Amino acid sequence: MPTILGQNQYGKAENRVVKITRDGATHHIKDLNVSVALSGDMDEVHYSGSNANVLPTDTTKNTVFAFAKEHGIESAEQFGIHLARHFVTSQEPIKTARIRIEEYAWERIAASDANSQFIGADEVKHSFVRKGQETRLTQITYDGSSWEVVSGLKDLTVMNSTNSEFWGYVKDKYTTLQEAYDRILATSVSARWRFNWTDDEQRMPNWEKSYEQTKKHMLQAFAETYSLSLQQTLYQMGSRIINNRSEIDEVRFSLPNKHHFLVDLEPFGLKNDNEVYFAADRPYGLIEATILRDGCEPKIPVDLTNL
């Protein structure tokens, strides 16, 4: 039975590039994990092994590091746009470039004051500690005429210690969960949002400001929603982003419910007044949904595993 070649792509994955910008004695860090995937006229390399249209993956790796020097790293999105445009416009067989980037944030270490016997705080501008809150993400896809930019984050763990309930749900013979009128609500946010910037003729978003503001609205909605379900909280988080960030048309969330169960302390003669909990890591409820601007079509994949 004859076979045909389906979708295919190739490139160099997980290029770790750290760019130090030295502004006099003050240094700035951008720490990225960049994956390049290229597709186009690549049938022959699969059928006959001819590499005539193949740009080596080693070259794509070298390009990532060279561009960090030549263009700098203003933002993960801007860096990915430079790379995607380069691969599509410089290599005729390449029709589409997809750049995925993880960004790891750093913050300055607070040093001792200037009267210390060691270097004073006013002199230390080059020491950093990795932030542990979340990993920033972006995916840039370019086909020579239009752009798709999907950014987001993962591993942003948040908790409300009250103002959350869960009751009134369906019960059958297998239901053992007790209704809760004051519970902990905790999750590790994985989110992606799609920008409506698709054309070079459009005004490009301020990527850094957009990320910070999107995260801010997301967290404020989580904190300010009196939650009757994690689904309700998810919807409020997405709606807050859509309503406040005009450059974003779609948000996709994957929220594991990090369950906290009250510990039974009665065997020890103690009353547990919503004070001591057991944090269960698995199994966990997994709540996922997409929030859209009215009139827009969903484009972010339902499965975020490899996005």
Side-chain angles (χ1 to χ4, degrees), residues 1-17 32-67 76-103 135-154 190-200 202 248-254 256 286 288-293 296-307:
M1 186 175 183
T3 62
I4 59 172
L5 179 66
Q7 193 280 338
N8 61 91
Q9 60 194 34
Y10 78 103
K12 190 74 85 176
E14 300 203 37
N15 302 282
R16 283 298 307 274
V17 55
L32 307 183
N33 189 19
V34 183
S35 293
V36 177
L38 309 175
S39 57
D41 297 333
M42 298 296 162
D43 289 8
E44 198 56 40
V45 67
H46 291 86
Y47 290 138
S48 70
S50 171
N51 292 311
N53 286 351
V54 176
L55 182 72
T57 63
D58 188 68
T59 303
T60 67
K61 174 203 70 176
N62 295 339
T63 305
V64 169
F65 291 105
F67 270 40
E77 287 85 355
Q78 187 66 61
F79 190 62
I81 288 168
H82 283 311
L83 287 168
R85 191 192 304 276
H86 166 78
F87 289 123
V88 171
T89 59
S90 66
Q91 302 294 328
E92 195 279 331
I94 297 173
K95 305 304 180 185
T96 302
R98 188 198 68 201
I99 313 297
R100 287 177 172 168
I101 300 176
E102 296 181 342
E103 179 176 348
T135 299
R136 179 175 170 178
L137 308 167
T138 191
Q139 174 177 292
I140 295 93
T141 306
Y142 181 56
D143 63 5
S145 60
S146 64
W147 297 91
E148 182 183 77
V149 180
V150 178
S151 294
L153 53 81
K154 64 179 180 179
S190 179
R192 308 291 188 277
W193 48 87
R194 179 174 56 83
F195 293 91
N196 49 40
W197 179 80
T198 59
D199 191 291
D200 282 319
Q202 295 175 263
I248 295 171
D249 280 350
E250 177 184 6
V251 185
R252 176 79 183 171
F253 286 107
S254 180
L286 183 60
E288 299 178 305
T290 298
I291 314 300
L292 294 160
R293 189 176 302 283
C296 294
E297 294 294 323
K299 295 183 180 180
I300 299 175
V302 170
D303 184 1
L304 299 181
T305 305
N306 295 309
L307 180 62

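Note that the structure is predicted; figures quoted are calculated from it, not measured. Quick note: residue numbers are just sequence positions, from 1.
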Give, for atom [atom1] of [X] and atom [atom2] of [Y], the distance between the pair rounded to the nearest 0.5 Å.
X      : Y      : atom1 : atom2 : answer
Lys12  : Asp58  : NZ    : CG    : 5.5 Å
Gln91  : Leu55  : CD    : CG    : 4.5 Å
Leu5   : Gln7   : CG    : CD    : 9.0 Å
Asn8   : Asp43  : CG    : CG    : 6.5 Å
Arg194 : Leu292 : CZ    : CG    : 7.5 Å
Ile300 : Glu250 : CD1   : CD    : 4.0 Å

Do [X] and [Y] come within less than 4.5 Å of each other through their side chains, counting heavy atoms only?
X      : Y      : answer
Pro256 : Leu286 : yes
Tyr142 : Val149 : no
Leu137 : Leu153 : no
Met42  : Ile94  : yes
Thr63  : Leu83  : yes

Do Asp143 and Ser145 get their side chains close enough for a donor-acceptor pair, meaning under 3.5 Å?
->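 Their side chains do contain a donor-acceptor pair, which is all the 3.5 Å distance test asks for.
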Show your working on side-chain contact (heavy atoms from CB on, under 4.5 Å) between Val302 and Arg252 and close with a plain yes or no.
-> CA-CA 8 Å; Val302 170; Arg252 176 79 183 171; 3.3 Å; yes
More than 12 heavy atoms of other residues, nucleotides or ligands under 6.0 Å from CD of Gln9: is that the case?
-> yes
Work out which heavy atom in [X] is nearest to a heavy atom in [Y]; give both atom names and the distance.
X     : Y     : result
Phe87 : Ala97 : CB-CB, 4.3 Å
Ala76 : Leu32 : CB-CD2, 4.4 Å
Val34 : Val17 : CG2-CG1, 4.1 Å
Ile99 : Gly80 : CG1-O, 3.7 Å

Thinking salt bridges, do Glu77 and Arg136 make one under a 4.0 Å N-O criterion?
-> yes
Show your working on side-chain hydrogen bond (donor to acceptor under 3.5 Å, both in side chains) between Glu14 and Ser35 and close with a plain yes or no.
-> CA-CA 5 Å; Glu14 300 203 37; Ser35 293; 5.6 Å; no
For the pair Ile81 and Trp197, evaluate side-chain contact (heavy atoms from CB on, under 4.5 Å) and give the outcome as yes or no after the intermediate values.
-> CA-CA 12 Å; Ile81 288 168; Trp197 179 80; 3.7 Å; yes
Let me see the working for Ile140 and Trp147 under side-chain contact (heavy atoms from CB on, under 4.5 Å), right down to the final yes or no.
-> CA-CA 7 Å; Ile140 295 93; Trp147 297 91; 3.7 Å; yes
Heavy-atom donor-acceptor pair, Asn53 side chain to Asp41 backbone, under 3.5 Å |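 Yes: the side chain of Asn53 pairs with the backbone of Asp41.
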Has the side chain of Arg293 got a donor or acceptor atom that lies under 3.5 Å from a matching backbone atom of Ile248?
->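 Side chain of Arg293 to backbone of Ile248, a donor-acceptor pair under 3.5 Å: yes, one is there.
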Kindly indicate, with the supporting measurements, whether the criterion side-chain contact (heavy atoms from CB on, under 4.5 Å) is fulfilled by Phe79 and Val64.
-> CA-CA 9 Å; Phe79 190 62; Val64 169; 4.2 Å; yes
